[in-house]
Amino acid sequence: VSGSRSLHELYDASYGRLVLQLFALCGDLADAEDAVQEAFVKAIGLGRAFGRVQNPEAWLRTVALNHQRNSWRHAKVVRRFVTTVPGRQTAPELSPDHVAVVRALAELGPDQRQVVVLRYLADLGTAEIANELGVPEGTVKSRLSRGRERLAPMLDEKEETDRV
Amino acid sequence: VSDLDVLRELTGQLRPPKYNDLVAVARKRRRRTAATTTVLIAAATALVIVGGATWLPGMTDDSAPRPGDGPAASITERPRSDQWAYVEYYHPGSECEGNCTVRNGGGNDPDDDVVQVDASWLRVDGQSDAYKIEGDDQLYVQNWVNDEYGDWTPTELLDLYASLPRNPDRLLEAIYAELERFNEAKPYNFGLRGDGRYNTAVWLIGKLLGENGLTPPPDLRAPLFETLAKVPGVQVKEDVEDVAGRDAVFVGRVGNSCASCLSGMFLDPEDHTYLGGTENYQGEATEGWAIMDRGIVDHAGDRP
């Protein structure tokens with residue numbers, strides 16, 4: 001990303017999928033949108049320094065996730081002093097399927113959930129996930145394997161319920 | 001696990017805010033924090049020796065050469081905590097039409113030419129900063145917010161200079177460690193592996209050599225250049241011009257913009273004083289930044 005145009009293009013291309021990934025990780029769509037918007041505001045504010053970021057989308061995801069994780073700590077300060085995006089976005093309606101999937105994900109531990117989301121919603125390979133999380137690829141594979149094992153019955157249960 | 005795909009339906013239902021709304025928010029925050037991105041660059045100017053003469057607060061000798069024009073600059077003594085570091089910073093604005101130039105703008109903000117900061121002052125202890133916007137004589141002074149990667153007060157940068165090893169190998173290790181420390185301390189995930197690590201190391205060495213306005217002490221200066229040469233992929237381009245049209249040597253490596261775009265710094269060809277830098281050098285410096293003037297003054301608004 002070398003300039004405003006490419007950051008704008010990145011916004012158009014990645015906003016939706018980043019929100020989706022954050023939603024899958026944190027379980028709250030409004031929080032997910034807020035975190036992703038905050039990440040883009042920070043990227044814009046960084047100016048040319050953002051051009052030094054090796055993987056802009058991974059950077060945005062990390063900043064958004066950190067914002068979401070830390071929001072409880074500085075919410076008061078943020079609300080009082082930090083300009084936020086004006087207007088209210090209309091949140092999409094969640095279907096029972098959406099809710100069921102998010103609930104199933106919430107049953108996973110945070111490490112497993114993150115790996116599963118990066119693999120199946122961000123479509124990253126295990127090597128890319130390892131690079132983004134700073135853990136060995138073997139660790140990613142084992143977390144992914146355990147996550148899949150734990151997730152499958154929960155999703156199966158959902159399907160059983162749907163059939164009934 | 002393919003059930004996760006059901007979530008993808010949601011992306012089509014999202015109504016994201018307009019990109020320009022986010023730009024407006026970023027701009028408002030920047031103004032509130034005294035144009036943070038520009039103050040970041042302008043931060044931390046130090047006492048220097050230029051052309052063999054000490055360039056000190058209140059110095060009025062017009063014949064004294066300035067950083068970028070004269071020979072190697074080095075630190076002599078610490079400024080007082082209540083003094084101010086001043087930097088004039090030139091940035092050719094890519095959004096500017098015609099022959100106009102933008103100072104201290106730049107970045108990803110498409111309206112950066114609106115933020116035309118001529119000059120910035122940062123209190124040595126980092127308590128406050130001040131700036132003037134081009135076309136407006138008013139001096140804006142406010143609390144400084146240190147919230148950016150590589151953002152140091154002059155005091156902090158002098159401490160960093162003092163703490164760094166002088167052996168080039170150990171210095172390179174210390175620079176990598178410094179990058180990791182910042183990366184862990186801040187919520188910004190700079191790529192610190194492979195090319196990302198090397199590019200960020202070149203960037204940090206540029207900051208240590210003068211991007212923040214401060215220049216390193218003599219016993220650190222040579223090791224910094226030796227360390228720069230040790231970073232894999234570093235290239236040197238001689239007989240070039242910096243973004244302000246001054247004779248320069250370019251030192252950098254392939255950056256993130258494109259396969260042929262070099263990211264790095266311009267140095268004075270004679271004494272290797274840091275002149276400025278760019279993220280996109282392709283045989284010509286059409287964008288980037290140049291330090292035009294700097295010094296320590298007693299009051300915000302004073303010029304050296």
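So you know, we letter chains A, B, ... as the sequences are listed, proteins then strands, and number each from 1. Atom set for the values below is all heavy atoms of this structure, side chains included, hydrogens, waters and symmetry mates excluded.
- Here the closest non-hydrogen pair linking B:Thr11 and A:Arg17 is CG2-N, 4.1 Å.
- Across all their heavy atoms, A:Tyr11 and B:Pro16 have their closest contact at OH-CB, 3.6 Å.
- Of the two parts of A:Leu20, only the side chain, counted from C-beta on, holds a non-hydrogen atom closer than 4.5 Å to a non-hydrogen atom of chain B.
- Atom CZ of A:Phe40 is separated from atom CG of B:Asp21 by 14.0 Å, given to the nearest 0.5 angstrom.
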Practice task
Go through A:Val41 and B:Val23 one step at a time and tell me if the side-chain contact (heavy atoms from CB on, under 4.5 Å) criterion holds.
Solution key: CA-CA 7 Å; A:Val41 167; B:Val23 171; over 6 Å; no
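- The CG atom of B:Leu7 sits 11.0 Å away from the CD atom of A:Gln21 when rounded to the nearest 0.5 Å.
- By the 30° and 60° cut-offs, the orientation of the rings of A:His8 relative to B:Tyr19 is parallel.
- For A:Asp28, the side chain to side chain contact (heavy atoms under 4.5 Å, CB included) test picks out A:Cys26, A:Ala30, A:Asp31, with sequence neighbours left out.
- The nearest pair of heavy atoms linking A:Tyr120 to B:Leu4 is CB-CD1, 3.5 Å.
- Distance check: A:His98 NE2 to B:Leu10 CG gives 4.0 Å after rounding to the nearest 0.5 Å.
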Problem - Trace of the side-chain contact (heavy atoms from CB on, under 4.5 Å) decision for A:Glu33 with B:Leu14 - result: CA-CA 9 Å; A:Glu33 287 210 73; B:Leu14 294 172; 3.8 Å; yes
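- Expressed to the nearest 0.5 Å, how far OH of A:Tyr15 lies from CG of B:Leu22 amounts to 8.0 Å.
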